[in-house]
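Working notes for the structure below.
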Amino acid sequence: RIRPQLSKEKIEGCHICTSVTPGEPQVLLGKDKAFTYDFVFDLDTWQEQIYTTCVGKLIEGCFEGYNATVLAYGQTGAGKTYTMGTGFDLNISEEEQGIIPRAISHLFSGIEERKRVAQSQGRAAPEFKVSAQFLELYNEEILDLFDSARDPDVRHRKSNIKIHEDASGSIYTTGVTSRLINSQDELIQCLKQGALSRTTASTQMNVQSSRSHAIFTIHLCQMRVCARPDKLLLPTTEYETLTAKFHFVDLAGSERLKRTGATGERAKEGISINCGLLALGNVISALGDQSKKVVHVPYRDSKLTRLLQDSLGGNSQTIMIACVSPSDRDFMETLNTLKYANRARNIKNKVVVNQDKTSQQISALRAEIARLQMELMEYKAGKRVIGEDGSEGYSDLFRENAMLQKENSTLRMRVKAMQEAIDAINSRVTHLMSQEANLMLARAGDGNEAIGTLIQNYIREIEELRTKLLESESMNESLRRSLSRVSTRAPYSMGSSPGSSLAGLCSPAAPVDTEASDVLRRAKQDLERLKKKERRQRRKSGCEEEDGREDEDEDSGSEDSLVDSDSDAEEKAVNFQADLADLTCEIEIKQKLIDELENSQRRLQTLKHQYEEKLILLQNKIRDTQLERDRVLQNLSTMECYTEEKANKIKADYEKRLKEMNRDLQKLQAAQKEHARLLKNQSRYERELRKLQAEVTEMKKAKVALMKQMREEQQRRRLAETKRNREIAQLKKEQRRQEFQIRALESQKRQQEIVLRRKTQEVRRRMDASSAPGQPEPNWGMLLGKHGFPGVAQPVAHVSLLPFGCRKKFPKKGTSQTFSKAARLKWQSLERRIFDIVMQRMTIVNLEADMERLIKKREELTLLQEALRGKRSKLQAENPKGLQELNEEIEVLGANIDYINDSISDCQATIMQIEETKEELDSTDTSVVISSCSLAEARLLLDNFLKASIDKGLQVAQKEAQIRLLEGRLRQTDMTGSSQNHAILDALREKAESHPELQALIHNVQQDRCSDVLGSDGGALWHCHVVEDAWYEAALVLPCPRDCVCSVVPSTHPPPCLFFLSHARGVINPVGGTKNARTAPLQCVSMAEGHTKPVLCLDATDELLFTGSKDRSCKMWNLVTGQEIASLKGHPNNVVSIKYCSHTGLVFTVSTSYIKVWDIRDSARCIRTLTSSGQVISGDACAGTSTRTVTSVQGEHQINQIALNPTGTMLYAATGNSVRIWELSRLQPIGKLSGHIGPVMCLTVNQTASNHDLVVTGSKDHYIKVFEIAEGMVGNIGPTHNFEPPHYDGIECLAIQGDILFSGSRDNGIKKWDLEQQELIQQIPNAHKDWVCALAFIPGRPMVLSACRGGMIKVWNVDTFTPVGEIKGHDSPINAICTNSKHIFTASSDCRVKLWNYVPGLTPCLPRRVLAIKGRATSLP
C-alpha cells in the first residue's frame, strides 16, 4: 500500500518516486524498476477496498477452522498503524476505520448470520466462543496489554510470559490474559484499552511512532452440527468443534537512527526493533529463497519470529501488507521494503482445518466410508477385480475399454482430418475439371461465364455423389466382412445362453470337429517348428561356449583382436535378443492356444450338465404324462356318461402329446450320443492339452537358460572392457608421469642456467670492479656469505644459489598441489565476491549520502522560495516596482530545485542499476562455493578468513591510532597557534601606536575573530616554522599557505612539512646551448626526467612543478633544488590533468572518471575522491586498483580536463559533454554547464569585471561556448555565448588573457577571438603542420606560445597575431604548456619536461598571410 504524501513533504518539495501500472498488480519505483505482488493499492485507495480485497475472505476462513494472520510491515511513518486500525484517533470517521475494527464487525455479523441460517433450516444453532489477547514486544520482552495489574512505567522488568510449542507444532503462550468476549462493542473496547497501553514516542520521522511490535489475537471456538453426505444416513445428530486464531500484527517501523534522530532510550528501542525485523527477514529469506535449499529456519533468533512461527511457513493463511512512502526522500526505505515483501511472497504455507480429536476421527471415518462405497460400486460395475493371488486390480474389460476409447478418439481425429483433406481435394479436382471444360468450350467458341458456372456446379455435384458412392461401397464391404465373421463364429456360440441350447442341437457336430482338428493340427506344426529351432539354438550355443572357453585360454593382446571380439560379441547379443523375442512370442501364442482349449473344455462340461438335466426333465415329463393318461382312462371307464367318442378324443389328444414328447426325447438322445462322442474326444483333447503345457514349460525353461546365457555373456564383455579401460588408464598415467618428469628436468635445467648466469655476471662484475683504478677492494665477505659459507652475513635473495654440480631436489607435484590450487581458486573467487559486495555497499552509502544532502538542499531552497513568494505577494500590494528582481530570484530557485530533482533521479537510477547488478551477482552465490568445499579446503578458507580479519583489524587499529595522533597534534597545534597569535597581536599592538593603519587592522581582526594580518591574499593564521641555513631553500618546496605566519627558527632537523624529501628520485638537470639558440625565441635551460611514460599534463608555481604521466603517477618537483619531492601514485589509468590550488594547498589530479584531492601540506595523501557523477568518496577510492583500468564504472564518464577559478573557490571538470561545478570549501557539486553535443575536450576560466567566473569550453563538436557564472548560481546552467564560425575539427586547447581568447584545433589552425565584442578577430588556418595541442601566454610580454603534435613550438605576437619565431622543442608530440614568472614548461611524449626561457630582442619573422575575418558570436537565450 502506498500512502498519500504528507503536507510536510509537499511543503518541502518532495517528489513522488512510485507509480502503479494500470490494471496490473505492479508498482514501479523510480523510472523502470518494477515489483509485482498479489495486490497493489495506490495513493487514493480507501480502507474499505483494502479490507474487502485482502482480509474479508480470511474472516470467512476462520468460520471453517482455518488460522489467519495479517502482517503490516514498512518503515516508520509509512501508515502501518493507520492501515491496521490500532491508532484510535477520536476524530476518525467510519470510512477511515482500519482492518481490525472492520474484521471485528465482520466476525460478529458472521456469527449472527450463521445462527439465523441454522434456525431457518431447522438445525441446532452453532455455539461460538470468542476470546482475545493483546501482546506487545518491547525490547525483546513480551508484555501483556490486557494486564490491569501491570505498571506501564516499568517496562524494563523481565516478563513472566513464556512461549511453548505443542506436539503438533503449534505455538501457544502461557501467562497471558485472555478475555472472553460477548459482543462487538466489548471487543472494540478491549482493543482501545490495549492500544492506549502501547509504547509510542515522537521521532523526526513520525510524531507518534510505535516503539514496539503489537500482536492482537482473536480466538474463535465453534461447535456446530456435522455436515453429512446424503449417502450416509446416520440416526443420531453429530457435532464437530472447530477452532481458529486470527493474528493482527502491527510491526514497529524499520528505522535508521540518522533519519529518526533518536538518542538514548529511543535509540535503544530502534536497535531492538531493527533486531527483531532482521530476524524476521532472515526467516523470510530462509523460507522464500528456494535456490539456497535452506534446511534450518531461524525461528528462535527472536521472540517475534517465534510468536509468528505458525504464520510464516506454518498452519495459517497469511497476508503481508507492505506499507511504503511515495516520497523520494524515503527512496531507500521504500526500496528495502519492496524487496523485503518480494521475498515474503515466495513463502508457501500449509493450511489445515483445526478440529478437535473426535471431529477429526469422525471426518476420517466418513472419508473412509465414502472411499469404500466407491470401491464397492467399482466392484459391482466390474471395474475392479481380485486376482488368483488375492491382489486387487482393474479388470481387463476396463483397461480394454479405456484403450478402445483412446483409440476411438484418435480415429475420430484422423477421420476429421481426412475428411478435411478429402474436401480440399474435391474442391481442387472440381476447380481443375471446370477449368478444363471451360478451356474446351473456349476453343470451340461456345464458352461464357454462365455456362462455366453451370459446369462447375455439375462437376461439384458429381464429385460429391462419387464420394458418397465410395463411402457406401466401403461400408458395404465392411458389413459383408463382419457378416462373414459372424457366420464363421456361429458354431462357437453354443452354450452362451440357456435359451439357445435347443437351437444348437439341430446343427451338425461336424464343423466343431473340423475346427478343433484344424486348431490342433496347426498347434502340432508350430510345436514341431519350435522344437527344431530350439535344438538348433542349443547346438549353436554349445559351439559358442566351447569357442568361448578356447578364447579365454588364449592371450588376446592386439587391438585388432579386441575390435573383432567386440563385433562378434555385438552380433551374439543381437542374435540372442532376436531368439529371445521369438521365444517370447511363441510362448505367448501357445499360452493363448492352451487357454482356448481350456475354455472349450469348460463349455463342454457346461453343455453336458445342461443336456443331462434336460434329458432327466423330459423323461420325468413323459412318465408323468403316461401316468396321467392311465389315470384319465381309468376315470373315464368308471364315469356313467362314458362315450366312445369322448374317449377317442382324449386318447388322440394324449397320443399327440406323447408323439411330440417322443420326438423331443429322440432329439435329446441324439444330442446325448453326440455329447458322448465329444466326451470321448475330450480325453484326446486333455492329452493334447497336457502335452502343450509340457511344451510350454520346456520353452519357458529354454527362455530362462537363454537369458542366463545372455547375462553371462554381458558379464564377460563387461569384465573384458573393464580390463581394457584399466590398461588404457595405466598407460595414460605412465605417459603423464613421463611428461611431468620431462617438465621437471627442463625446469631444473633452466634454474641451473639462471644460477650459473648470475654467478658468472657477479664474478665478472667483481673482477671489473677490482681491476678499475681507484676502486676499493671487493667485499669478499659478502661474496662468501652470498655463496653459502657459514659465519658470514647473507643478504636475502629470492633464488637460492647452489654449488655447481649439485642438483636441487624438486618436490613432487601430486594431489597436494592440485588441492592447493583448487582451494586457492575458491579463495580468490570468495575474495573477489567480498570486494564486490564492499564496493557496492560503499557506492550505495555514498549515493544515499548524496541523496540526503540534495534533499536537505532542496528543502532549504523550497523554504526560501516560499518565503520569496510570500514577500512577492506582499510587494504586489505595496510596491509593484521590485517584483522583477523577486521573480528572477524565484525563477533561479526553481531552476536550482529542478536541477536537484534531476540529480536525485540520477542517484535513484544509479542505485537501481547497482541493485540489479547485485541480484545478478547473488545468482552466483558464495554458498555454492562454500558447500562444494572439502574439509581440508574449508580449513584453508577459514585460515585465510582469519588472516584477512586480523589484517583488516590491524589496519583499522593503525588508522584509529593515526587519527588519535593527528587529533592530538591538531589540538596541540591549535593551542600553540592560539598562544603565538596572542603573542603576535601583543607585539603588533606595541608597534601600532605609531602606525594608525596597523591599529585599525588589528581592531578589524579582533572584531572578526580571525587573524587576517599577513599575506596579500588575506588568509587565516597558520603556524609554520621555517629553519635557517640549509633548510631555508628546502622550505620553498611547500610555500606557506595564505594563512601562515612564518617565524624563522634555527634547527638542525628537517621541518615536518618536508618529510618526503628523502624519497626524491627524479631530477632537473641543466641543458647546454643548441645550434639555433641564437636565432630561436626560446632557450632550453633545464630538463626534468623521472617519468617512465609520456608526460600528459603539468602545472607550475614559482617554486613547485607538478607533472602527470601515462605511468599513472604525478610527480612534484622543487624548482629551487631541482629534485623530485614526492610521487602521487595509485591512479587507475593515465593522469590527463593536474591543478594546484595555492590558496588551499591542495592538488587535484584527474584519471578516468575520478578527481583525486591531495593534501600536500602535511603529507602527500589523498583526502577525497570526486567522481564524474558528482559523488564524494572519503579517502582514496582507487587504492585497491593495482592494474590499469581502461573502462569507467557504470554511470560515470571520462573527465578530460579540470580548471580552477582565479580565487580558488571553484573547480570546473569537463565530464562528457558537460562541465560539473564543484565548490571547494565544501567539496560538493553545485551544478553543471551543458550545451555541447560532443565531449568537452578543454576549458579555461577567467574573471570578469563584476567578479563573475567566465568559463570558456571547447568541444569535439568544433564549437567554443562561453558561460558566465554569477555568485550563488547553481543547477543546470546554459551557455551565454556561442562563438561562430566554428573550427573544422575538434578543439584541443584554449588560452585566455584579458578580453583576448586563442583557440587551437585538430584542423591545424589557431583563431583569435574578442570576448568583449564576442567576435572572431583573426585566424591562421595552417598555423602548424599537425594538431595544435597546447597554447599559453608568456607572463609579462604580449606573446602567445603554441605547440603541435609534431614537437614544434611557435611564438606569436598577441596584438598583430604575427609569428615571432619557432623552434623544434621535442622529437615527440608536445602534450601541454604552462608558465610561471620565470620559465616556460613543455610536457612531451618523450617522458621529459623541458624548462625554457624567453629570449627578448629578436626581430619577428616575416609576417605570413593572416586572414582577418570578422565573425560573430550568437547570443543564446
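Numbering starts at 1 and runs along the sequence shown. The shown structure was predicted, so the numbers you read here are calculated from the model rather than taken from an experiment.
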Donor-acceptor pair, distance only, cut-off 3.5 Å: does the side chain of Q222 make one with the backbone of F63?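 Side chain of Q222 to backbone of F63: a pair is present.
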Look only at the side chain of D653 and the backbone of K649, and say whether a donor-acceptor pair between them is shorter than 3.5 Å.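 Looks like no, no N/O pair under 3.5 Å.
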Spatial distance of atom [atom1] ([X]) from atom [atom2] ([Y]) [nearest 0.5 Å]:
X    : Y    : atom1 : atom2 : answer
M661 : R663 : CE    : CZ    : 11.5 Å
I622 : L617 : CD1   : CG    : 10.0 Å
R690 : E688 : CZ    : CD    : 10.0 Å
D423 : R428 : CG    : CZ    : 15.5 Å
L372 : L365 : CG    : CG    : 10.5 Å
E712 : M710 : CD    : CE    : 12.0 Å

Can you find a pair of side-chain heavy atoms, one from R224 and one from E240, that are under 4.5 Å apart?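 They are in side-chain contact.
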Would you call L242 and V353 a side-chain contact if the rule is heavy atoms closer than 4.5 Å?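 Counting from C-beta outward, L242 and V353 do come under 4.5 Å.
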If you look only at distance, which donor and acceptor atoms sit under 3.5 Å apart when one is on a side chain in residues 401-418 and the other is two or more places apart or in another chain?
unit_1 : atom_1 : unit_2 : atom_2 : d
S409   : OG     : Q405   : O      : 3.4
S409   : OG     : K406   : O      : 2.6
T410   : OG1    : K406   : O      : 2.9

What pairs with E60 under side-chain hydrogen bond (donor to acceptor under 3.5 Å, both in side chains), at least two apart in sequence or on another chain?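 Testing E60 for side-chain hydrogen bond (donor to acceptor under 3.5 Å, both in side chains), a comparison that skips the adjacent residues, returns H106, R114.
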If we ignore angles and hydrogens, is there a donor and acceptor under 3.5 Å between the side chains of R711 and Q714?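 The criterion, which ignores hydrogens and geometry beyond distance, is not satisfied for Q714 and R711.
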What pair of heavy atoms forms the shortest contact from A125 to A118, and how long is it?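 Minimum heavy-atom contact is CA-CB, 3.9 Å.
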Quick one: closest heavy-atom pair of V351 and Y66, and the distance?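 Taking every non-hydrogen atom into account, CG1-CD2, 3.1 Å.
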Side chain to side chain contact (heavy atoms under 4.5 Å, CB included) partner of R371, the single match among Q373, M374, E368: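 The option that passes is E368.
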Would you say that more than 12 heavy atoms from the other residues, nucleotides or ligands in this model lie under 6.0 Å from the CD of Q435, or not?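 Yes, CD of Q435 has more than 12 neighbouring heavy atoms, counting only those of other groups under 6.0 Å.
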Test side-chain contact (heavy atoms from CB on, under 4.5 Å) on L706 and Q709 and set out the steps. CA-CA 5 Å; L706 185 59; Q709 186 178 354; 4.2 Å; yes
Start with the C-alpha distance between E698 and K703, add both sets of side-chain angles, then the distance that settles salt bridge (charged side-chain N to carboxylate O under 4.0 Å, His left out), and finish with yes or no. CA-CA 9 Å; E698 289 295 328; K703 179 181 177 181; over 6 Å; no
